[in-house]
2 protein chains.
Amino acid sequence: MPHTYEYLRPMLAVACVVFGLDDGELKVLLIRRDVEPLRGRWALPGGFVRMDESLDDAARRELREETNLRDVFLEQLYTFGAVRRDPRDRVVSVAYFALVNLAEHPVAAATDAREAAWFPAADTPALAFDHAEILDAALQRLKGKVRYQPIGFELLPEKFTLSQLQRLYETILERPLDKRNFRKKILLMGVLQELDEIQQDVAHRAARLYKFDEGRYERLKKKGFNFEV
Amino acid sequence: MPHTYEYLRPMLAVACVVFGLDDGELKVLLIRRDVEPLRGRWALPGGFVRMDESLDDAARRELREETNLRDVFLEQLYTFGAVRRDPRDRVVSVAYFALVNLAEHPVAAATDAREAAWFPAADTPALAFDHAEILDAALQRLKGKVRYQPIGFELLPEKFTLSQLQRLYETILERPLDKRNFRKKILLMGVLQELDEIQQDVAHRAARLYKFDEGRYERLKKKGFNFEV
DNA sequence: CCAAAAGTGTTTCACTTACACCCATGA
DNA sequence: TCATGGGTGTAAGTGAAACACTTTTGG
């Protein structure tokens with residue numbers, strides 16, 4: 001009977017795994033806890049869900065408050081609810097993963113004096129609670145998903161070169177891709193818009209810039225097209 | 001307020017979308033609500049999470065209590081947390097989807113006098129709360145997942161014919177498959193064990209029976225094999 | 001002997017893979 | 001002129017898709 005348990009509710013939190021790409025390395029954004037328990041430990045940004053906001057809203061709010069990020073790609077990942085994952089009390093955390101263009105957020109400006117920093121996703125300091133497990137789940141999800149859904153673009157600047165895009169996939173998939181095959185395939189898919197611009201300030205031949213054509217992708221998807229790298 | 005902590009806590013529930021396969025039709029198990037609100041409405045089995053059980057445990061317990069099902073394939077689906085999805089109070093529901101062999105559960109024996117019944121997944125009565133949305137998400141997930149992971153077998157009896165398996169995929173994917181190609185592909189994968197038994201009591205040539213070879217699948221998976229129908 | 005489903009091979013086509021060289025640019 | 005990455009085409013191989021008839025069995 002619901003009434004029986006009305007006085008015993010788990011706490012409900014969100015946790016965000018924010019990925020960024022830094023020169024061919026996948027990074028994750030962590031904050032240093034400034035409250036007990038585990039004060040000083042690095043942890044995923046997140047916090048408790050308020051009664052008047054949806055889970056997505058809570059995730060976006062926490063991201064804004066703790067890392068000053070907004071308008072990022074955000075997707076629910078999994079909900080972690082083991083009984084003793086938090087020493088204080090029963091806490092259930094809805095995990096999200098986010099993708100940001102790291103170039104525009106080199107070090108997250110910690111608003112309220114909380115320390116925030118990017119770490120290699122594969123090599124973080126010890127994390128609070130079960131956050132290592134959450135990070136791991138996010139990595140797996142990213143790896144599994146990036147091939148079938150054009151979410152990788154969220155990690156790049158709006159305008160990018162084909163080599164940047166290829167490096168992105170090589171980084172996430174952890175294997176090298178053939179340059180000619182990659183370019184052929186991605187261009188034939190028809191979801192990139194070739195721009196009349198080229199890279200600036202490089203010490204070699206400047207590459208052509210492209211951007212992801214959201215509209216074209218949506219139209220293709222409706223016709224049963226499958227994005228797949 | 002019952003809690004001494006600084007945050008008000010939403011209620012936390014689980015909801016289970018239980019799929020079964022009945023003669024080429026995908027069905028879902030619903031129970032009729034016997035308490036307010038929405039008493040008499042059909043809904044997904046589920047209930048509130050207790051303080052001393054994990055989310056998975058809660059889902060299994062509710063399934064057992066409300067539908068008498070146990071030992072079924074169960075996987076977390078998504079967490080639904082819109083602010084007003086329940087008229088009583090703020091309730092966040094962690095949704096699960098389950099697959100059962102319907103032949104062994106023709107009508108779920110409702111233990112505590114609660115009415116339970118199988119409905120066509122694509123054509124249910126009006127559901128309580130946002131359960132139609134949850135069902136929809138589960139259908140999409142099933143459809144997307146069944147091709148890349150051998151979960152469909154959970155819907156069949158332990159021993160099955162290749163035609164049954166093919167019908168299963170045709171049902172879930174909502175498109176016809178070529179018989180010869182299907183058999184070739186699935187047999188070459190090497191995850192089926194051919195039995196020395198044939199179908200009984202059919203008014204035509206009896207088909208050979210197979211069963212899914214879990215061990216073989218696990219071994220292949222370790223070697224980087226990809227199940228894909 | 002008829003109805004109903006089981007079972008079986010081959011060809012075609014598309015896509016993936018492997019692979020190496022010249023080009024443009026700035027230092 | 002050199003170092004650096006940008007940019008390009010073709011051939012071989014692999015896997016997917018299309019396709020029709022014979023076999024077995026019970027009624």
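Chain letters run A, B, ... following the sequence lines, proteins first, then strands; residues in each count from 1.
Legend: residues meeting ring-ring contact (aromatic ring centres under 6.0 Å, His included) with B:Tyr217, ordered by chain and number and at least two apart, are B:Phe212. For B:Lys159, the salt bridge (Lys or Arg N to Asp or Glu O under 4.0 Å) partners two or more places apart in sequence, or in a different chain, are B:Glu197. Under the rule for a side-chain hydrogen bond (donor to acceptor under 3.5 Å, both in side chains), B:Lys179 has no partner lying at least two apart in sequence or in another chain. A search for side-chain hydrogen bond (donor to acceptor under 3.5 Å, both in side chains) contacts involving B:Glu170 returns B:Gln166, not counting sequence neighbours. Residues passing the salt bridge (Lys or Arg N to Asp or Glu O under 4.0 Å) test with B:Lys145 are B:Glu75, sequence neighbours excluded.
B:Ala43 approaches B:Arg33 most closely through the heavy-atom pair CB-CG, 3.9 Å.
No donor-acceptor pair closer than 3.5 Å links the side chain of A:Glu66 to the backbone N or O of A:Pro45. With hydrogens and angles ignored, the 3.5 Å screen pairs no side-chain donor or acceptor of B:Thr171 with any backbone N or O of B:Glu25.
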N/O donor to acceptor pairs below 3.5 angstrom from side-chain atoms of residues 132-142 of chain B, sequence neighbours left out:
{"unit_1": "B:Arg141", "atom_1": "NH1", "unit_2": "B:Leu77", "atom_2": "O", "d": "3.1"}
{"unit_1": "B:Arg141", "atom_1": "NH2", "unit_2": "B:Gln76", "atom_2": "O", "d": "3.0"}
{"unit_1": "B:Arg141", "atom_1": "NH2", "unit_2": "B:Leu77", "atom_2": "O", "d": "3.3"}

Check residues 218-229 of chain B and write down every donor-acceptor pair under 3.5 Å in which the side-chain atom is one partner and the other belongs to a residue at least two apart or another chain.
none

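One atom, CG of B:Asp178, and another, P of C:dA6, lie 14 Å apart when rounded to the nearest Å. In this structure, B:Leu195 atom CG and C:dA6 atom P are separated by 16 Å, rounded to whole Å. With rounding to whole Å, B:Glu228 atom CD is found 12 Å from C:dT16 atom P. Distance CZ (A:Arg180) to P (C:dC21): 10 Å, rounded to an integer number of Å. Between the CG atom of B:Asn226 and the P atom of C:dT16 there is a distance of 15 Å, rounded to whole Å.
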What pairs of nitrogen or oxygen atoms, one from the protein and one from nucleotides 21-27 of chain D, lie under 3.5 Å apart?
{"unit_1": "D:dT23", "atom_1": "O2", "unit_2": "B:Arg205", "atom_2": "NH1", "d": "3.2"}

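Applying a 4.0 Å cut-off to non-hydrogen atoms, none of the residues of residues 155-167 of chain A approaches DNA chain C. Contacts between residues 181-189 of chain B and DNA chain D, defined by a heavy-atom separation below 4.0 Å, involve B:Asn181, B:Lys184, B:Lys185, listed by number. Listed by residue number, the members of residues 216-223 of chain B with any heavy atom below 4.0 angstrom from DNA chain D form an empty set.
Screening residues 200-211 of chain B for side chain to side chain donor-acceptor pair (under 3.5 Å), with sequence neighbours left out, gives B:Glu194-B:Arg208.
Side chains of A:Leu177 and A:Arg175 form a contact here, defined as non-hydrogen atoms less than 4.5 Å apart.
A:Phe182 and A:Tyr169 have tilted rings, their planes meeting at an angle from 30° to 60° on a 0 to 90° scale.
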